[in-house]
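Below is one structure, written out as structure tokens; comments come after it.
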Amino acid sequence: MSIQVTGLYKHFGNFTALDNVSIEFPTGGLVALLGPSGCGKTSLLRVIAGLERPDSGSVHIHGKDVSGLDIRDRQIGFVFQHYALFRHMTVFENVAFGLRAKPRSQRPNDTAIRAKVNQLLALVQLEWLADRYPAQLSGGQRQRVALARALAVEPQVLLLDEPFGALDAKVRKELRRWLRQLHDELHITSLFVTHDQEEALEVADHIVIMNKGRIEQHGTPEQIYHAPQTEFVYQFIGSSNVLYHNDHGYSFAADGQDEALKSYCRPYDFQVSAEQQHGSLPAKVMRKLPLGNTIRIEAEALLPMAESAIIDVDLAHNDPLLAQIHQQDVIWLAPRRTVQFSR
Amino acid sequence: MRLTKHYSVIPGLSLSLGYTLFYLGLIVLFPMAALLGKTMSLSWPQFWAVVTEPQVVASYKLTFGTALVAAIINLVFGTLVAWVLVRYSFTGKRLIDALIDLPFALPTAVAGIALVAIYGPHGPIGAPLLALGIKVAYTPLGITLALIFIGFPFVVRTVQPILQDFETELEEAAAALGASRFYTIRRVIVPHLLPSLLTGFALAFARGVGEYGSVIFIAGNLPFATEITPLLIVAKLEQFNYAGATAIACAMMAFSLLMLFCINSLQSWLERREQQHTGVMA
């Protein structure tokens, strides 16, 4: 196991960032730490890096206890959300920084540094920008320079803190795919923090879901998506609707019922029709959102009391029913598949 | 060449420029011109004789030398204080932050008297130091001390905001790359602070050169040893030798101007380099 953390606790004042976190990360994997803001994912990454000291617990990298070691001696590569490039240095000097900073006895000579930096710049496809300064690059280019800089010192593990967070959607997508390819080439154990579930599902081969300083579930993207073990994971990954199960079937309203009867339904798990069917629930169409291959219908559940609930329903873009329903129309929804979590 | 007028949401360039020139003329240039005019009443040989008199030359050396040393010391310790104020929080931080500006507000004579009381031969620090053979008051050391006191806020106040903007991520990035603390300071932090360090240094130095009030109390004012140029000027005035006083003032002004010009050029060179680095995108 290449990274192992045991019993980590970390508090910032009254706020608990890590609450007894223990996990082993597979060697050579590309792991996503996923969760909403404040869930402790960045704290976990920073504790592993050595940028933050845990209140208690230990960190092992490749079987070696590094808990007491300074970040300088942990041999990790760290990539920041806002790149953290040295702006008074050229791209070349940024990448060479880690090599030049080595103590004299370990420092490679100038020719070796030049060769290494050029090789890394070739790897991130930025050789032609070697003499530019960071401010002259685009966000995506800067992040690739930051990655090359982190890789220059041949780290044992690569830690990335929301590496695509500051980029626009298109560049983000390209860079994700590129990171995946790079990882397949280098096989360096990598952890990246993200709050974007799509990003995690797309890039990682292992996902760790965190909430309130604890690990909710970890597994492959398939396991996370198709077999969520907790209510939180179900709600966090993909959209979901809340339903209440009672003697007569389902209802969108709690009606003061026991919380234990709460169940969930994905937007694409409704049987939709324009007329009332057995066991179906009425809702008024508010908006139709074109999401490409699917059309999402935002509908307001028609409830007896002053309660209100917005229901998301997904239909295939070529569903004939779509032509029949318009705004303010009432549609009837029958859940095909629901999930309940014991508490 | 045509003067193009750029559109701006806040108009009034010509008005503000006119005001600036008028104001600068009234407050700075006019008195300077009067100074030069008075000096003109001397012939060149007379002027030269006054400004190169051995006693005067000794005072230049003392004034500029002590101001330089004081500015260098302020540069180091002022930066350190700014660092502590920006990076750490501790009880009494706001009080210390307010105390920094005290040398600005205190009448300089008060500072001079206070320093003599403490570092004088009978003072609580001066006496033990004297026993160790270190004489502070009435020596160049005492003058330097006074100049450190009055120049201190300049460095702190110019470096502090720049340091505040400095992202700690850059230090973390350097550390993650294995750089030692010293290497990080030398290659990452100092290059970032350099323009503000230079400004702080220049201000502290300029202030030190012109300082009179606090120095005369602790200097002892012995000709050739602890007599600063501003004091000589005052002495000449007291003897109604106005031309002599203005002549020395002119020489001093020329020196100061030259040094400030050098520092400013160095700084704008740094800024140009910085701009080139930040490019158009930042």
Side-chain angles (χ1 to χ4, degrees), chain A residues 45-46 48-52 69-91 93-104 106-107 131-139 141-142 145-146 148-155 157-161, chain B residues 79 83 86-91 93 158-159 161-201 265-282:
Chain A
L45 195 79
R46 290 175 65 89
I48 292 171
L51 287 169
E52 218 75 75
L69 283 185
D70 199 81
I71 181 171
R72 294 175 179 84
D73 309 314
R74 289 197 186 187
Q75 285 183 280
I76 52 105
F78 203 97
V79 174
F80 295 85
Q81 180 178 3
H82 297 288
Y83 330 119
L85 294 177
F86 307 124
R87 62 189 164 105
H88 58 283
M89 296 183 201
T90 60
V91 165
E93 284 305 317
N94 264 286
V95 177
F97 186 88
L99 300 171
R100 294 206 201 280
K102 283 181 192 287
R104 197 175 291 275
Q106 298 162 33
R107 196 186 308 157
D131 297 327
R132 300 279 185 89
Y133 286 92
Q136 297 166 309
L137 310 185
S138 72
Q141 289 168 339
R142 287 185 214 181
V145 173
R149 182 179 69 175
L151 290 172
V153 290
E154 292 174 3
V157 294
L158 189 60
L159 307 173
L160 307 104
D161 185 11
Chain B
T79 309
W83 178 268
V86 170
R87 282 306 168 84
Y88 303 101
S89 57
F90 47 90
T91 40
K93 177 173 160 172
T158 46
V159 176
I162 307 296
L163 211 50
Q164 218 126 35
D165 288 343
F166 185 79
E167 309 123 85
T168 38
E169 273 190 0
L170 292 175
E171 282 158 53
E172 291 179 345
L177 292 167
S180 67
R181 289 177 176 87
F182 181 69
Y183 193 83
T184 307
I185 290 173
R186 192 162 62 87
R187 292 291 312 276
V188 178
I189 299 173
V190 168
H192 186 86
L193 293 182
L194 207 52
S196 65
L197 290 174
L198 265 178
T199 308
F201 175 79
S265 315
L266 186 61
Q267 208 188 351
S268 66
W269 174 75
L270 273 174
E271 255 161 35
R272 268 201 309 280
R273 214 184 51 164
E274 182 82 0
Q275 257 159 28
Q276 181 200 339
H277 295 182
T278 24
V280 277
M281 290 191 38

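Note that the structure is a prediction, hence the values are computed from the model and not measured. Every chain is numbered from 1, with letters handed out A, B, ... down the list of sequences.
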| said: Which heavy atom of A/L85 sits nearest to which heavy atom of B/L170, and what is that distance? | reply: O-CD2, 3.3 Å
| query | So what's closer than 4.5 Å to chain B heavy atoms on A/L159: side chain, backbone, both or neither? | reply | neither
| remark: Closest non-hydrogen atoms of B/E172 and A/I71, given as atom of the first, atom of the second and distance, are O-CD1, 4.4 Å
| task | Could you check if a side-chain atom of B/E169 sits within less than 4.5 angstrom of a side-chain atom of A/H82, using non-hydrogen atoms only? | result | yes
| task | Quick one: list whatever passes salt bridge (charged side-chain N to carboxylate O under 4.0 Å, His left out) with A/R100, sequence neighbours left out. | result | A/E93, A/D110
| message | In the structure I gave you, are the side-chain heavy atoms of B/R181 and A/D70 within less than 4.5 Å of one another anywhere? | response | yes
| At a heavy-atom separation under 4.5 Å, does A/A146 approach chain B through its side chain, its backbone, both, or neither? | neither
| message | Keeping A/R72 on the side-chain end and B/A179 on the backbone end, is there a donor-acceptor pair under 3.5 Å? | response | yes
| By salt bridge (charged side-chain N to carboxylate O under 4.0 Å, His left out) - contacts of B/E167 (at least two apart) | none
| query | Counting only N and O atoms by type, is there a donor-acceptor contact under 3.5 Å from the side chain of A/H88 to the main-chain atoms of B/R187? | reply | yes
| query | Is the shortest heavy-atom distance from the side chain of B/V188 to the side chain of A/F97 under 4.5 Å? | reply | yes
| message | Within the structure provided, determine whether B/L177 and A/R149 are in side-chain contact (heavy-atom separation under 4.5 Å). | response | yes
